[in-house]
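The figures that follow rest on heavy atoms only: side chains count, while hydrogens, waters and symmetry mates do not.
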Amino acid sequence: QPGFVGGGGDEPKGDVPVAVVGIVPCKVSGEGGAIKKGDLLTTSSTPGYAMKASPVDLGGIEIYRPGTILGKAMEDFSGDKGVILIYVNVK
């Protein structure tokens, strides 16, 4: 049972469950490479899919750009497209 359901606006297309915190299923793509449990995920070029996030080097320190992380992989994934569990904690 979702705790929050989005929807409405000028062109309602039905209710959409929105994960704000918890462990939820997520469609993933292998676009960013194989996903290992604990990897951070970001949006892929395929709409509706996440992929492994890559940090950027900032003066010798690797960071993830603020606002780009969707969640953390709770399972491994290698392949083209699939579904895995991820941990979401929107801040």
Side-chain angles (χ1 to χ4, degrees):
Q1 295 291 345
F4 176 78
V5 178
D10 294 335
E11 298 180 34
K13 297 180 182 178
D15 295 334
V16 179
V18 178
V20 179
V21 65
I23 297 174
V24 297
C26 180
K27 295 188 286 186
V28 292
S29 162
E31 179 181 338
I35 298 170
K36 301 290 182 203
K37 184 177 179 178
D39 284 343
L40 298 178
L41 304 175
T42 190
T43 55
S44 82
S45 64
T46 304
Y49 283 78
M51 69 177 192
K52 180 179 177 178
S54 297
V56 294
D57 186 291
L58 186 63
I61 300 172
E62 289 188 337
I63 65 162
Y64 293 89
R65 291 186 175 111
T68 62
I69 302 302
L70 300 173
K72 183 179 282 195
M74 301 302 292
E75 303 178 84
D76 294 340
F77 176 79
S78 61
D80 184 39
K81 291 181 181 164
V83 176
I84 64 170
L85 292 176
I86 71 168
Y87 174 67
V88 175
N89 188 13
V90 176
K91 294 180 182 182

Pair up each side-chain donor or acceptor in residues 40-55 with any protein partner under 3.5 Å, not counting sequence neighbours, and list the distances.
residue : atom : partner : partner atom : Å
Thr42   : OG1  : Thr68   : O            : 2.7
Ser44   : OG   : Thr46   : N            : 3.0
Ser44   : OG   : Thr46   : O            : 3.2
Ser44   : OG   : Tyr49   : O            : 3.3
Ser45   : OG   : Glu31   : OE1          : 2.9
Ser45   : OG   : Glu31   : OE2          : 3.2

Identify all side-chain donor-acceptor contacts of residues 71-80 below 3.5 Å with residues at least two apart in sequence or on another chain.
residue : atom : partner : partner atom : Å
Glu75   : OE2  : Leu85   : N            : 2.6
Asp76   : OD1  : Lys37   : N            : 2.6

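Considering every non-hydrogen atom in both Val88 and Ala19, the closest pair reads CG1-O, 3.8 Å.
Residues forming a side chain to side chain contact (heavy atoms under 4.5 Å, CB included) with Ile61 (at least two apart in sequence, or on another chain): Ile63.
At a threshold of 4.5 Å between non-hydrogen side-chain atoms, the residues Ile86 and Val24 count as touching.
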